[in-house]
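Residue numbers start from 1 in every chain, and the chains themselves are labelled A, B, ... in the order their sequence lines are given, proteins ahead of strands. Computed from a prediction, not measured in an experiment: that's the story for all the values here.
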Protein chains: 2
Amino acid sequence: MPVPRDAASRRSGIPDATVARLPIYLRVLGAFAESGLPTVSSEGLAAAAGVGSAKLRKDLSHLGSYGTRGVGYDVEYLVYQISRALGLTQHYPVAIIGVGNLGHALANYAGFGTRGFQIAALVDADPRRAGEVIAGIEIRHLDELETIIKEHEISIGVIATPAAAAQDVCDRLVACGVTSVLNFAPTVLAVPESVDVRKVDLSIELQILAFHEQRKSAGLHGEPGVAVPDVVRTSVASA
Amino acid sequence: MPVPRDAASRRSGIPDATVARLPIYLRVLGAFAESGLPTVSSEGLAAAAGVGSAKLRKDLSHLGSYGTRGVGYDVEYLVYQISRALGLTQHYPVAIIGVGNLGHALANYAGFGTRGFQIAALVDADPRRAGEVIAGIEIRHLDELETIIKEHEISIGVIATPAAAAQDVCDRLVACGVTSVLNFAPTVLAVPESVDVRKVDLSIELQILAFHEQRKSAGLHGEPGVAVPDVVRTSVASA
DNA sequence: CGTCGCTTGTGAACAGGTGCACAAAGCGCT
DNA sequence: AGCGCTTTGTGCACCTGTTCACAAGCGACG
């Protein structure tokens, strides 16, 4: 008997799909809070977040039973509970490696600071950029990477380097004790199992859109092209 | 009898999860092609793409039976087939709305051009930026949005504006006939059902990492804090 | 104080995706 | 030609996530 336990709770008690949506709820709730709205129903919150109300309720039920039947959820309280569940009550220092166009944009992105993240360091491989100040942070040279990471006890690294440098930078980050990496470089990073990597790839998203775009236009023009024998055909059971 | 048909093939023949991975395969294959490698096994390709070999084979099987048993897949041919399946054989013009830090980075991002996407227009709300040239494209004012979209027959729009402007811009894009939107603004966009929206949110990714980070450190410090009664416990069946 | 309407929280059915394991199929060597 | 090695393609069981539908719970109002 290998202790089956519930597979979802084996890792953390909160399913991955739910974790991925909590930040959205958090943002929407923030907007509601600013409007002075005291409570929201699952229906209202779900609509604003672009999900079904049942899904939202199930998501929230994984954090506990906050919410009052017949009334809804207290906005402030729910913000706090989601923040706590996500671990945003503690402040994580992050380092951004690579201050090209994208790194520049990230350093100036307000969304980081407002959610408990603090950009502790900017690092670039170009010596000429060292000393430059962006968003109030001085750029330092890649050679100092190890020193900087340990100095600030950074556990989250953001890679915004060219693809060719990404794996090397990643290895060095991991060697310094970084356990979470957000990768913007178009490469698949190899890391030990204990390290979490999330990737954001602009071009992949576009390609996915292109696929759906193709599907639409194929349907529209009625091209017999690939394989779109679709059209539902609800009641053509005539033999 | 409502024609059950296979749910996956109802929409396009290729499951969404597979479509999301095809661009990764494509990129890895591109690297292999540059190395002059003529063929790859599912094992080799899967390792480079960071997925299991069975999953890769199942993914590829959805496009057809390209690949030779005992040998593997012809790199060049597979590149072509995946490109075709994704609809990258035709060139999609895209417009980027909002040329702040992020829009600037996107305009200079080489990954777009190399995959059959062409940045046809840059648009910004700030009149002072109109006329400025970035990546060889002249920035034009938001007022001309409708004209530009129709002029270039753009069906894919990239929104890189501040959150406050995103919904408005999106509505205008949709009104002009744009059917796919890539949204970088931290907002949930409301669109008609016929329009595809994909969102990329930098801060959400970080928050997801923070969650896992929290989980790790909680386990390490042995804090009884939330609910982490983990550690697998393979054979502690002693009562 | 009882009743009524509204909203949460959840059990259960369902759908989609993943991974295993193996039969089918090609290649090269003898 | 035949044999054995390799690798694909896929049926099947599992598991995660989604959706439905409803009982339980809470407040308001008469």
Round to the nearest Å and state the distance from [X] atom [atom1] to [N] atom [atom2].
X     : N      : atom1 : atom2 : value
B/Y25 : D/dT8  : OH    : P     : 13 Å
A/D16 : C/dT18 : CG    : P     : 13 Å
B/H62 : C/dT18 : NE2   : P     : 10 Å
A/L60 : D/dT18 : CG    : P     : 13 Å
B/L45 : D/dT6  : CG    : C1'   : 17 Å
B/R57 : C/dA23 : CZ    : C1'   : 13 Å
B/E43 : C/dA21 : CD    : C1'   : 14 Å
A/D74 : D/dG27 : CG    : P     : 13 Å

Any donor-acceptor pair under 3.5 Å linking the side-chain atoms of B/Q167 with those of B/T187? no

Would you say the side chains of B/Q81 and B/Y77 form a donor-acceptor pair under 3.5 Å? yes

Counting only heavy atoms not in B/Q90 (residues, nucleotides, ligands), do more than 12 fall under 6.0 Å from its CD? yes

Please tell me which of the listed nucleotides, C/dC27, D/dC26, C/dA21, lies nearest to the side chain of B/A54? C/dA21

Donor-acceptor pair present, [X] side chain and [N] base, under 3.5 Å:
X     : N      : result
A/K55 : D/dG17 : no
A/K58 : D/dT19 : yes
B/R69 : D/dT7  : no

Closest non-hydrogen atom pair, B/V191 against B/C170: CG1-SG, 3.5 Å

Side chain to side chain donor-acceptor pair (under 3.5 Å) between B/D59 and B/T18, intermediate numbers included: CA-CA 5 Å; B/D59 282 344; B/T18 295; 2.6 Å; yes

Can you check whether B/S42 has a side-chain N or O nearer than 4.0 Å to OP1 or OP2 of D/dT8? yes

Phosphate OP1/OP2 of D/dC26 contacted by A/Y73 side-chain N/O (<4.0 Å): no

How would you label the contact of B/S65 with the nucleic acid (heavy atoms, under 4.0 Å): base, sugar-phosphate, or nothing? sugar-phosphate

Regarding A/G72, tell me which of base, sugar-phosphate or nothing describes its non-hydrogen contacts under 4.0 Å with the strands shown. sugar-phosphate

By nearest-heavy-atom nucleotide on DNA chain D, the more 5' of A/D59 and B/V40 is B/V40

